[in-house]
Amino acid sequence: MTVHIDNMTRVFDSPNADRIVAVDELSLTIEDGEFLTLVGPSGCGKTTTLRCVAGLDTPTAGTIRVDDRDVTELPPQQRDVALLFQDIALYPHMSVRKNMEYGLKIAGVPEDERREHVAEAAALLQIGDQLDKMPASLSGGQQQRVALGRSLVRDPSVFLFDEPMSDLDAKLKRELRPVVQRITDEIGCPVLYVTHDQEEAMTMSDRIAIMDDGELQQAGSPKNVYSEPTNDFVGEFIGQPAMEFFDARVESANGTAAVSLGEHTVSLPATAAELEGYVDGPVRVGVRPQQIGIGDPAEGIEAEHVLDEPLGDETHSIFETEFGDVTVVTHADFDGDAETDYGLVLDESATQLFDPDSGVRIH
Ligand code: ATP
């Protein structure tokens with residue numbers, strides 16, 4: 001099965017504001033067996049997209065197809081999709097086993113077959129010993145496994161997840177991520193997963209689609225969107241801590257290019273010809289906090305140390321500069337001093353350049 005979203009737009013009427021374009025001409029394909037994650041800030045249109053694929057909402061324009069079948073107007077029960085929400089919603093008066101087999105029972109599947117499906121799913125989810133318990137006696141993570149199991153036993157054609165882990169603590173999330181991956185691999189159907197947690201997106205997905213304001217910004221592998229963001233929005237959204245940006249000017253001498261950041265100049269791994277149209281003009285320089293070194297003021301952008309956030313294996317150090325506060329990933333034992341003058345040294349080979357108006361990456 002392959003899910004095709006073609007030119008999909010969803011507009012909501014709002015009584016006291018202009019129309020809200022929740023999703024704007026979105027085209028995206030989720031291949032068979034592919035785990036595709038939709039990420040983006042709150043209100044960017046992720047859930048609306050997922051609801052349209054599930055059949056819980058209908059696009060204003062555009063189509064949704066599963067293989068060659070146009071499902072745009074079909075109700076959810078005719079789409080064979082499994083949907084898992086943040087709200088776990090197990091039946092409290094039924095045992096784990098009964099919760100898991102309920103959908104099959106309604107579908108008229110005989111009892112011995114149901115038992116078999118439930119046993120298989122429970123083994124995959126490592127909840128075989130919990131089947132006779134009631135939901136209230138399980139932890140949040142175990143409850144979410146049961147909810148996963150309930151979807152799994154139905155062997156759906158498409159698996160949809162809407163922030164299924166956002167209520168779980170960090171440890172449970174880490175435990176559940178590989179479980180979700182194993183389950184979805186096992187089913188081998190297209191998976192559309194919605195989250196605003198970019199770490200979840202990076203660790204679980206085959207591909208990530210980043211949305212902003214209803215529009216798709218970029219879709220690519222986690223590595224691709226991290227190392228080659230299509231624009232400054234993606235550069236800033238993907239990666240932890242967020243990419244740092246500096247307003248600069250492009251300069252050229254003898255065919256080589258450099259950017260001047262105030263008093264400081266950084267030569268670039270680009271020729272002046274490659275930056276045609278930008279030479280002697282403004283540009284936005286983006287650098288990841290992992291690629292900023294600390295030297296003395298003669299070596300880089302003058303900076304005053306503000307604070308350190310020790311994280312165990314590394315420290316996030318914040319410096320005040322003429323470009324605003326800049327976060328730098330420093331060594332675990334770095335201990336900044338407010339009295340010392342520092343210089344922030346950008347790794348030349350890791351700088352990315354963005355158009356100052358459109359935000360599009362130019363190099
Ligand atoms: P979040 O991460 O906060 O869940 P999201 O990316 O999933 O956000 P959506 O829930 O898809 O975003 O909402 C996109 C936009 O559409 C928002 O501006 C939202 O207010 C609006 N919207 C969503 N559903 C409706 C509705 N039923 N009526 C009116 N506006 C809506």
Side-chain angles (χ1 to χ4, degrees), residues 3-30 35-64 71-76 79 81-89 140 144 147 158-170 173 176-177 180 190-205 207-220 222 225 229-240 242 359:
V3 177
H4 304 271
I5 303 171
D6 288 318
N7 249 328
M8 186 180 91
T9 294
R10 177 64 168 109
V11 179
F12 291 106
D13 289 321
S14 162
N16 47 11
D18 290 339
R19 296 177 329 147
I20 297 164
V21 183
V23 181
D24 196 0
E25 298 188 355
L26 174 71
S27 292
L28 204 54
T29 298
I30 312 154
F35 195 117
L36 186 134
T37 302
L38 276 183
V39 287
S42 186
C44 71
K46 306 180 293 290
T47 295
T48 305
T49 302
L50 183 116
R51 286 174 56 81
C52 287
V53 175
L56 299 171
D57 194 1
T58 310
T60 314
T63 56
I64 299 165
V71 300
T72 318
E73 305 283 336
L74 290 186
R79 298 194 185 197
V81 295
L83 183 56
L84 202 71
F85 292 107
Q86 167 183 354
D87 175 9
I88 302 171
Q144 196 53 297
V158 180
F159 224 131
L160 307 175
F161 293 88
D162 192 0
E163 308 242 10
M165 300 194 211
S166 55
D167 279 350
L168 305 181
D169 65 38
K173 275 186 192 177
L176 209 53
R177 273 186 213 150
V180 170
V191 177
L192 182 61
Y193 190 100
V194 163
T195 181
H196 62 262
D197 179 340
Q198 58 103 14
E199 187 183 314
E200 217 166 280
M202 292 294 274
T203 50
M204 297 177 76
S205 321
R207 243 172 0 126
I208 300 179
I210 302 117
M211 293 180 75
D212 183 32
D213 208 10
E215 291 181 15
L216 178 66
Q217 303 295 309
Q218 185 172 9
V225 296
T230 190
N231 57 26
D232 54 358
F233 176 83
V234 175
E236 188 164 10
F237 193 81
I238 299 289
Q240 206 39 41

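The shown structure was predicted, so the numbers you read here are calculated from the model rather than taken from an experiment. Ligands are counted one by one from 1 in listed order, and the atoms in each one are counted from 1 as well. In this chain, residues are counted from 1 in sequence order.
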Task: Non-hydrogen protein atom less than 4.0 angstrom from atom 20 (O) of ligand 1 - done: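 Neighbour list for atom 20 (O) of ligand 1 is empty of protein heavy atoms (cut-off 4.0 Å).
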
TODO: For D213, look at atom CG and say whether over 12 heavy atoms of other residues, nucleotides or ligands are found less than 6.0 Å away.
DONE: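 No, not enclosed.
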
Open item on the list: Test of understanding: with side-chain hydrogen bond (donor to acceptor under 3.5 Å, both in side chains), list the residues that count as partners of R10, not counting sequence neighbours.
Closed with: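 Result, side-chain hydrogen bond (donor to acceptor under 3.5 Å, both in side chains) vs R10: D57.
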
Task: Matching residue for I5 among V53, V23, L216, T29 - test: side-chain contact (heavy atoms from CB on, under 4.5 Å) - done: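 Filter result, single survivor: V53.
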
Report yes if some N/O of [X] lies less than 3.5 Å from some N/O of ligand 1; otherwise report no.
{"X": "G45", "result": "yes"}
{"X": "H196", "result": "no"}
{"X": "I20", "result": "no"}

Task: Aromatic ring pairing F35/F161, orientation class (parallel under 30°, perpendicular over 60°, tilted between) - done: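 F35 vs F161 ring planes: parallel.
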
Quick one: nearest non-hydrogen protein atom to [atom], plus distance?
{"atom": "atom 3 (O) of ligand 1", "value": "S42 OG, 2.6 Å"}
{"atom": "atom 9 (P) of ligand 1", "value": "T48 OG1, 3.5 Å"}
{"atom": "atom 10 (O) of ligand 1", "value": "T47 CB, 3.8 Å"}
{"atom": "atom 16 (O) of ligand 1", "value": "A22 CB, 3.3 Å"}
{"atom": "atom 31 (C) of ligand 1", "value": "F12 CD1, 3.4 Å"}

- [ ] Check each heavy atom of K46 against ligand 1 and say whether those closer than 4.0 Å belong to the side chain, the backbone, both or neither.
- [x]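 K46 to ligand 1: contacts from backbone and side chain alike.
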
Open item on the list: For R79 versus V71, what's the shortest heavy-atom pair and its separation?
Closed with: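 Answer, listing the atom of R79 first, then V71: NH2-O, 2.6 Å.
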
TODO: Give a yes/no on ligand 1: does G43 have at least one heavy atom closer than 4.0 angstrom to it?
DONE: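 G43: in contact with ligand 1 (<4.0 Å).
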
- [ ] Report yes or no: does G214 have a heavy atom closer than 4.0 Å to ligand 1?
- [x]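 Judged by the 4.0 Å heavy-atom criterion, G214 does not count as contacting ligand 1.
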
Measuring only between side-chain heavy atoms, which start at C-beta, is [X] closer than 4.5 Å to [Y]?
{"X": "E200", "Y": "M165", "result": "yes"}
{"X": "T72", "Y": "M8", "result": "no"}
{"X": "Q144", "Y": "P164", "result": "yes"}

- [ ] Just jot down the side-chain contact (heavy atoms from CB on, under 4.5 Å) partners of V11, sequence neighbours excluded, or say none.
- [x]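 For V11 the side-chain contact (heavy atoms from CB on, under 4.5 Å) partners, ignoring immediate neighbours, are T9, R19, V21, T60.
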
Open item on the list: I need the atoms of ligand 1 closer than 4.0 Å to a non-hydrogen atom of P41, numbered in the order shown.
Closed with: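 In order of numbering, the contacting atoms are 6 (O).
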
